[in-house]
2 protein chains.
Amino acid sequence: MPTSSRFAVAVHVLATITLRDGAPVRSEDLAYTASTSAVVIRALLSRLSDAGLTTSQLGSGGGALLAKPADQIRLLDVYEAVEDTELFTMHRKAPCKDCAVGGSILEAMQPALDRARAAFENELARVTVAEIAAEVVRIGHITLPLTW
Amino acid sequence: MPTSSRFAVAVHVLATITLRDGAPVRSEDLAYTASTSAVVIRALLSRLSDAGLTTSQLGSGGGALLAKPADQIRLLDVYEAVEDTELFTMHRKAPCKDCAVGGSILEAMQPALDRARAAFENELARVTVAEIAAEVVRIGHITLPLTW
DNA sequence: GAATATGCAAGTGCGATTGTTACACACTTT
DNA sequence: AAAGTGTGTAACAATCGCACTTGCATATTC
């Protein structure tokens, strides 16, 4: 399963921008801290921007900024902005519809899977980027404002 | 996020075996209802067997059987038996440890991600294969015992 | 002994993710 | 205005896991 690391990197990026407190952060710098490339970061920022979480500032001294306060960005918002695949992947080819079980297994599973997904999303909705950023400060003994 | 369809197919397989009520089911027949190949099913059954959920019977008239009652097999057991990847995929390359955020972002996110995962697993633990099989019967208007 | 069914290994095809390179475009500064 | 800076995007290669197929050894039932 090519599983994507986009969610983790996106939270990393948003926490970094948050701690810069208003100063734009270049995709190149974000790429450095996240151990990836600037192109990947820009693709990520493109999704975050589409979701209304960030904005970008062109030209010298430019970079990425938050489009709204960090305490109003939930991890669920980030997750939905950057993650493409469903939590559960069903049969690659639809099950045999003429079979007793195959004909209704998907419908039979759905409520249970929906509840699991809802519980999952509910927890992600409880945490904001601001809280993650605060945790970073607490754990890392960082002195603000951030220099690097 | 998992992109394998193993979990869905495994639940399908277990529900089918459940409704056969004691009669072994050949991997070839399971492959047919799940629209896949017998080799894929056998690989799946190998994992389920390792987890103590199924057993296999060789020879003519053989096939897969449940290793314990269907109402004692939780969807969480199935999920853990067949799914390899973590719910959240972290950075492909570890983030820059010398950076203010990179040095502690993983640790900072972990509690929130753990809560989401726990909520997810908790819901999957509430549902059993027996309940899914009962839903299949209810939705599909099936007359037991299962002929196909 | 013959037929049946599982278990497993090797090789192919496919799709998503990530990384790389290249270039056009917009904005800021001098 | 011109130069420098940074974003946005496209095209391509590399990698990885999943799923499919083929082939065969092994164990069990009839």
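Lettering of chains follows the sequences in order, A, B, ..., and the numbering in each one begins at 1. FYI, side chains are in, hydrogens and waters are out, and symmetry mates aren't considered; it's all heavy atoms of this structure.
- The closest side-chain donor-acceptor pair between B/T128 and B/R74, if any, does not fall under 3.5 angstrom.
- What separates CZ of A/R26 from C1' of D/dT5 is a distance of 9 Å, to the nearest Å.
- Regarding contacts with the backbone of D/dA19, a side-chain N or O of B/S5 is found under 4.0 angstrom from either OP1 or OP2.
- In this structure, A/R92 does not reach the C/dG15 phosphate: none of its side-chain N or O atoms is under 4.0 Å from OP1 or OP2.
- B/R6 has a side-chain polar atom (N or O) that falls below the 4.0 Å cut-off from OP1 or OP2 of D/dC18.
- Atom CZ in B/R47 sits roughly 14 Å away from atom P in C/dG7 (whole-Å rounding).
- Distance, B/L58 CG to D/dT28 P: 6 Å, rounded to whole Å.
- When the side-chain nitrogen and oxygen atoms of A/S46 are compared with OP1 and OP2 of D/dT7, none of them lie within a distance under 4.0 Å.
- Contact between the side-chain N/O atoms of A/S4 and the OP1/OP2 oxygens of C/dA16 is not found at any separation under 4.0 Å.
- The base of D/dG8 is paired with the side chain of A/R42 by a donor and an acceptor separated by under 3.5 Å.
- If you find the closest nucleotide of DNA chain C to B/K93 and to B/L45, the one lying nearer the 5' end belongs to B/L45.
- Remark on DNA chain C: of its neighbouring residues A/S60 and B/G62, the 5'-side contact belongs to B/G62, judged by nearest-heavy-atom nucleotide.
- A/E28 CD: 12 or fewer foreign heavy atoms inside a 6.0 Å radius.
- Following rounding to the nearest Å, B/E28 (CD) and C/dT6 (P) show an atom-to-atom distance of 8 Å.
- Remark: A/S27 is in phosphate contact with D/dT7, judged by side-chain N or O atoms under 4.0 Å from OP1 or OP2.
- In this structure, OG1 on A/T36 lies 9.0 Å from CZ on B/R92, to the nearest 0.5 angstrom.
- Residue A/S56 is classed as a sugar-phosphate contact, given heavy-atom separations below 4.0 Å to backbone atoms only.
- With a 6.0 Å radius and a threshold of 12 heavy atoms from other residues, nucleotides or ligands, B/Q72 has its CD atom above the threshold.
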